[in-house]
Amino acid sequence: MTAAVEPKDNYLTAGFSLKSWLTTTDHKRIGVLYLLSITFFFLVGGLAAVLFRLELLTPPGDLVSADSYNKLFTLHGIVMVFLFLIPSVPAAFGNFLVPLMIGAKDLAFPKLNLASWYVFVLGGLFALWALLTGGVDTGWTFYTPYSSTYSNTYVSLMAIGIFIAGFSSIFTGLNFIVTIHKMRAPGLTWFRLPLFIWAHYATSLIIVLGTPVLAVAILLVGVERLFGIGIFNPAIGGDPLLFQHLFWFYSHPAVYIMILPSMGVVSEIVACFSRKRIFGYKFVAIASLAIAVYGFLVWGHHMFVSSQSVYAGLIFSFLSFFVAVPSAVKVFNWTATLYKGSIAFDTPMLYAFGFIGLFTIGGLTGLFLATLGLDVHVHDTYFVIAHFHYIMVGGAIMGYLGALHFWWPKMTGRMYTEGWSKFSALIIFIGFNLTFFPQFILGYLGMPRRYHAYSPEFQVYNVLSTAGASILGAGYVIPIIYLLWSLFRGKPAGPNPWGAKGLEWEKTSSPPPVHNFAEIPTVTEEAYNYSGTNEQG
Amino acid sequence: MSSAAITKKTYVAVYAALMILVLVTVGVAYLDLGLLNVVAAMTIAFFKAILVALYFMHVRTSSRLVWVVAGAGVYWLVILLALTMSDFLTRAWITIPTF
Amino acid sequence: MTETSAHQEDMSWQRETSLLGVWVFLLTEVLFFGGLFTGYAVYRSGYPDIFSEASRHLNVLLGTVNTAVLLTSSLTMAFAVASAQEGKRRPLLIYLFLTIALGLVFLGIKSTEYHHKFVEKLIPGAHFSYSGLSTREVQLFFSFYFVMTGLHALHMIAGIGVLAVLAFLVWRKKLDPSRNALVEGTGLYWHFVDVVWIFLFPLFYLIGLRA
Amino acid sequence: MAPRVDMLYFFLIAVAVFFSVLIAALIVFFAVKYRRRSADEQPKAIGVDVRLEILWIVIPFIIAMAMFFWGAVIYLSMAKPPANAIPVYVVGRQWMWKFQHQNGKREINELHVPLGQPVRLIITSEDVIHSLFIPAFRVKMDAVPGRYTSLWFEATRAGSHHLFCAEYCGTQHSQMAGQVIALSPPDYEAWLAQGATGREPLASAGENLYQRLGCTGCHMAGPTAGMTVRAPGLQDLYGKRVQLENGRSVIADEGYLRESVLRPRAKMVAGYQPIMPVFENQVSEEELVQLIAYLKTLRSAEGGTEGSAP
């Protein structure tokens with residue numbers, strides 16, 4: 001492909017009818033469909049967060065009733081976890097980029113890919129149905145026996161929704177695994193793959209191995225509610241902790257489903273904007289797999305005060321500390337990549353910096369929760385909330401926004417406004433820290449999570465947090481505006497606006513043609529070969 | 001993933017072995033072996049599963065990747081079972097002070 | 001579509017890709033049933049004697065016969081795959097029908113068993129009634145029995161559906177030999193469902209037999 | 001316990017601050033020092049330094065292991081209450097905490113404890129999972145229906161401390177809160193004695209219940225010659241190891257006593273027939289607590305120190 005500035009026939013112009021979008025098997029279009037759907041769910045989940053943050057401005061529960069408050073945080077959790085974060089980077093950007101990055105025409109199973117989107121939408125509709133008819137008040141964790149016996153809300157409907165949505169991520173994960181194994185371009189060996197691909201491979205493993213266990217746990221809750229049998233209900237001989245084991249077997253690794261793809265994004269961005277190969281490439285690649293594998297050994301650290309056996313607690317705590325190592329390896333290697341680089345401060349790089357800093361804090365505070373004697377105190381307090389928002393918002397969403405800004409020119413062929421995008425990145429960073437840092441303090445002071453009303457001594461930190469949340473909310477709205485604007489008025493991007501390495505930048509146009517490449521590229525060099533020396537590392 | 005090496009004769013032999021193992025597992029269940037009953041039943045079942053996987057499912061003649069996938073299934077199943085049971089089986093270990 | 005790549009078009013590559021997809025799918029299935037087996041293990045270890053007692057309400061003869069039926073269906077399935085690979089249409093059709101028939105026999109026997117349990121009021125839920133002392137734990141046993149064998153049966157039904165479609169395609173000569181990966185993939189699934197039963201059988205039927 | 005947890009906390013804070021600041025400083029320093037000065041600038045490639053990689057694998061690992069051991073030691077001492085701890089029985093329900101003291105005194109959402117003496121809470125729930133959380137003492141334990149859990153603490157500062165439910169339990173979850181009031185030992189004794197008339201201590205209430213439910217018919221204090229022993233004796237049972245019919249053995253703690261009253265067949269004592277009736281749905285959580293408190297007092301002279309036994 002000779003450097004065409006905005007080719008006439010690309011994947012966007014291949015058809016304009018609604019039907020051409022709804023029946024597409026083009027991974028790029030499916031990626032865009034996912035991007036639109038998850039943006040919708042992000043706004044729904046965000047709105048809920050705004051409402052309960054406002055409620056928490058004052059100690060008594062005065063803005064919304066306790067019942068509504070409980071439904072709001074449940075909505076926020078379920079929508080953000082299952083309908084936004086889990087599909088965010090993998091289903092939107094992974095779908096778009098995995099074939100492009102490995103030099104393939106499409107994913108291995110294009111129809112399954114389309115099916116995955118439909119299944120996702122169906123699951124999302126069930127969830128919305130449950131929310132609109134009255135909501136669910138169990139928290140996203142669905143702990144039994146509250147969820148299975150006591151809650152009078154639409155738990156079964158929501159369970160069906162999550163069960164269905166689970167299949168969509170299984171389909172995506174399965175597709176990625178097979179695609180990465182079988183469809184790499186000639187010459188593209190495993191250790192030449194971009195780290196984004198490594199991260200998605202590891203993510204897919206977790207999806208494929210973990211999701212079915214969540215499906216079973218949710219299914220059993222549903223069966224218990226519908227037929228009155230008692231698998232988790234202690235009143236009929238069941239053990240509620242079994243549910244927690246099955247739930248966290250998936251839901252702890254699910255944290256890595258959310259963070260690993262963003263780690264992959266950060267690797268791409270850091271390499272591009274320092275014009276250097278990622279330092280310790282192989283260590284970073286293997287660290288992704290290590291996180292995926294270790295991630296399955298640690299779920300019991302969510303259960304240190306659940307009356308789980310003390311000895312199981314010891315085992316899970318011990319294993320939990322092992323996950324710290326590959327995460328630390330990644331952070332150190334990204335930082336080392338900057339050393340003697342040529343560092344540019346384009347918007348994606350700002351998000352990558354934000355990611356590294358905030359993920360470091362999120363990861364380190366995770367150690368507090370893995371430490372047995374300390375977790376007893378901070379478990380189920382705002383400390384936990386702060387910790388996982390540093391991982392999921394400070395980490396995963398920063399990575400998601402980084403990806404959005406990095407590959408937007410590739411997806412749309414247009415550039416957005418630099419000034420506005422940098423401004424909003426800054427706003428988001430400030431707003432985020434103001435929202436969640438006070439919550440660490442709140443947690444250690446002993447404010448439990450999921451509290452509709454709280455003791456007046458906690459108010460100062462809650463006010464700070466709510467103030468931060470309003471800044472953060474504004475920060476999230478700005479990109480929607482300038483990105484939409486760029487679709488119509490943005491400058492044409494050209495195939496490679498950042499001067500980045502990688503097949504998606506060097507071997508195809510922006511936006512790419514329907515079949516991605518004029519001819520399947522042959523790869524002869526390492527990933528991120530910015531110096532042109534093809535050095536092993 | 002070629003299955004050229006597995007003949008119909010092999011299938012029949014495997015089938016015969018499986019049927020014999022069914023009878024063995026039923027027979028063993030009538031003996032009182034204490035905890036060994038579970039062990040025996042699971043060992044036989046595992047052996048049968050291996051036979052089905054290796055021959056009927058062609059793992060024996062498949063690429064290394066298929067071995068890895070099948071192995072991963074077993075490995076993660078063991079993690080799920082072992083770490084969950086590490087809770088339920090050790091709960092009674094901690095002793096209260098006996099005054 | 002002007003581009004070609006050496007590997008992405010050839011037949012054995014396509015077959016391997018499809019089968020890898022099936023294998024990865026089976027991986028999720030292992031963990032799906034794995035969650036249920038874990039639940040079973042937890043309660044069995046908690047109430048070993050009561051589980052044995054409850055198990056005596058299952059019909060060992062029917063269970064054993066069903067195991068044999070299912071293993072036989074695996075054999076016919078293996079033969080079907082072999083016939084497909086050799087491109088022999090008639091044997092393929094016959095083995096597919098045999099497999100479907102054996103699958104239906106299995107489900108038939110299973111449903112008579114379910115019916116017995118219904119008559120004996122051993123279906124968990126509001127109508128459960130048990131004359132012994134440990135009603136709750138016995139009900140727990142039957143909850144697992146019905147959930148696990150029920151999901152297994154659902155998998156069988158799905159498998160029979162796919163086999164029926166395959167048989168129809170073969171009968172109408174719409175399945176050319178290049179697509180025998182379809183038969184192979186279905187075979188993998190069928191054998192997997194068999195493997196699940198291989199574990200269900202001793203865990204439910206055979207734990208109350210010893211003197 | 002609180003100072004020990006806080007020490008560990010400050011250690012982790014130190015580690016977290018050190019590494020966060022290190023990473024942030026390095027990023028800022030590198031980003032400024034090596035900022036792109038011209039558009040076609042081309043930095044030299046730097047190969048991986050395996051020594052460096054090993055360094056930042058090993059150092060975090062060592063620090064992490066230190067955290068693990070420190071945390072584990074504290075956790076284990078949280079799990080093992082001192083033998084002289086005062087037992088208080090706690091029942092959680094939507095949405096209140098009910099406390100029962102040894103002498104039969106009851107409280108709701110308030111717990112009075114003496115200063116300088118360990119207190120052991122034996123916790124259960126009547127409905128969903130709750131979690132008893134006393135931030136001031138850095139302790140927390142879930143209240144799980146159908147089971148006893150326990151935690152212990154020793155108050156060192158007089159006054160009232162927050163008491164929360166930390167596990168989400170439904171609509172009024174945030175209202176399931178109260179106070180722990182730590183009193184000096186004399187004040188505590190005086191408080192305990194208040195309104196003592198007409199109130200039955202737990203153990204004697206349990207004894208009455210024991211008679212009423214007809215337990216004595218089979219569980220005899222000491223087997224008399226010539227009588228068939230139909231049920232195991234309960235003397236000195238608490239805390240003892242019990243040999244079960246299925247070859248296993250269990251420690252007779254509160255949880256075992258509870259299960260054996262409610263569902264006697266779940267853990268059959270070796271050598272006895274399953275003839276005991278099921279008391280599930282016949283006794284309430286509070287009555288169960290009384291029965292157990294009574295069973296714990298059944299001590300022969302050599303079986304334990306009667307005076308301090310709860």
Side-chain angles (χ1 to χ4, degrees), chain A residues 103-105 108-109 112 166-167 170-171 173-179 181-186 204-205 207-217 219-220 223-224 226-239 241-243 245-246 249-250 514-522, chain C residues 1-9 12-43 45-47 50-51 123-128 134-148 150-151 154:
Chain A
K105 283 183 298 191
F109 308 112
L112 187 69
F167 279 96
I170 290 177
F171 291 166
L174 189 156
N175 228 332
F176 285 175
I177 290 179
V178 176
T179 305
H181 268 289
K182 289 287 174 186
M183 299 183 69
R184 301 189 311 274
S204 305
L205 268 183
I207 289 175
V208 162
L209 291 160
T211 316
V213 178
L214 176 78
V216 147
L219 182 77
L220 290 176
V223 168
E224 198 163 326
L226 292 173
F227 301 106
I229 70 168
I231 284 176
F232 303 126
N233 185 359
I236 331 182
D239 191 323
L241 263 71
L242 174 64
F243 173 82
H245 279 291
L246 295 178
F249 179 85
Y250 165 77
V514 174
H515 291 292
N516 293 350
F517 302 99
E519 55 182 52
I520 294 294
T522 302
Chain C
M1 223 196 318
T2 53
E3 67 276 19
T4 49
S5 98
H7 63 219
Q8 298 193 6
E9 301 295 332
S12 84
W13 176 87
Q14 273 187 359
R15 175 172 161 271
E16 282 182 19
T17 305
S18 312
L19 290 185
L20 181 60
V22 176
W23 272 106
V24 176
F25 172 70
L26 294 184
L27 196 55
T28 72
E29 289 277 33
V30 169
L31 271 295
F32 184 80
F33 280 101
L36 293 165
F37 278 109
T38 305
Y40 171 91
V42 165
Y43 294 127
S45 72
Y47 314 114
I50 304 170
F51 264 46
I123 307 230
H127 301 292
F128 185 83
S134 309
T135 317
R136 304 162 16 129
E137 291 81 2
V138 171
Q139 181 171 358
L140 207 51
F141 173 87
F142 280 104
S143 296
F144 274 98
Y145 169 76
F146 279 103
V147 169
M148 292 176 82
L151 282 171
L154 277 181

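Numbered from 1 within each chain, the chains take letters A, B, ... in sequence-line order.
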Looking at A/L220, A/T179, A/I177, A/L174, which one has more heavy-atom pairs under 4.5 Å with chain C than the rest?
A/L174
Given heavy-atom pairs under 4.5 angstrom as the criterion, report whether the side chain, backbone, both or neither of A/F249 touches chain C.
side chain
Contact part of A/L246 toward chain C, heavy-atom cut-off under 4.5 Å: side chain, backbone, both or neither?
side chain
Distance from C/L20 atom CG to A/F109 atom CZ, nearest 0.5 Å?
7.0 Å
Within the distance-only criterion (no hydrogens, no angle test), does the side chain of C/W13 pair as donor or acceptor with the backbone N or O of A/K182 below 3.5 angstrom?
yes
Considering all heavy atoms of both residues, which atom of C/Y43 and which atom of A/I231 are nearest to each other, and what is their separation?
OH-O, 2.5 Å
For each of A/L214, A/L209, A/V514, tally heavy-atom pairs with chain C at distances under 4.5 Å, and name the one with the top tally.
A/L209
One option among A/I170, A/T522, A/V208 has the most heavy-atom pairs under 4.5 Å with chain C, and it is A/V208
With a 4.5 angstrom heavy-atom cut-off, which part of C/L151 approaches chain A: side chain, backbone, both or neither?
side chain
Member of A/L219, A/T211, A/V213 meeting the side-chain contact (heavy atoms from CB on, under 4.5 Å) criterion with C/F32
A/L219
Using non-hydrogen atoms and a 4.5 Å limit, figure out which bit of A/A217 sits close to chain C: side chain, backbone, both or neither.
neither
Interface moiety of A/P521 toward chain C, non-hydrogen atoms closer than 4.5 Å
neither
Where on C/Y47 is there a heavy atom nearer than 4.5 Å to chain A: the side chain, the backbone, both, or neither?
side chain
Taking side chain as everything from C-beta outward and backbone as N, CA, C, O, which of these in C/L36 sits under 4.5 Å from a heavy atom of chain A? Side chain, backbone, both or neither.
both
Pick one of side chain, backbone, both or neither for A/H245, based on which atoms fall under 4.5 Å of a heavy atom in chain C.
neither
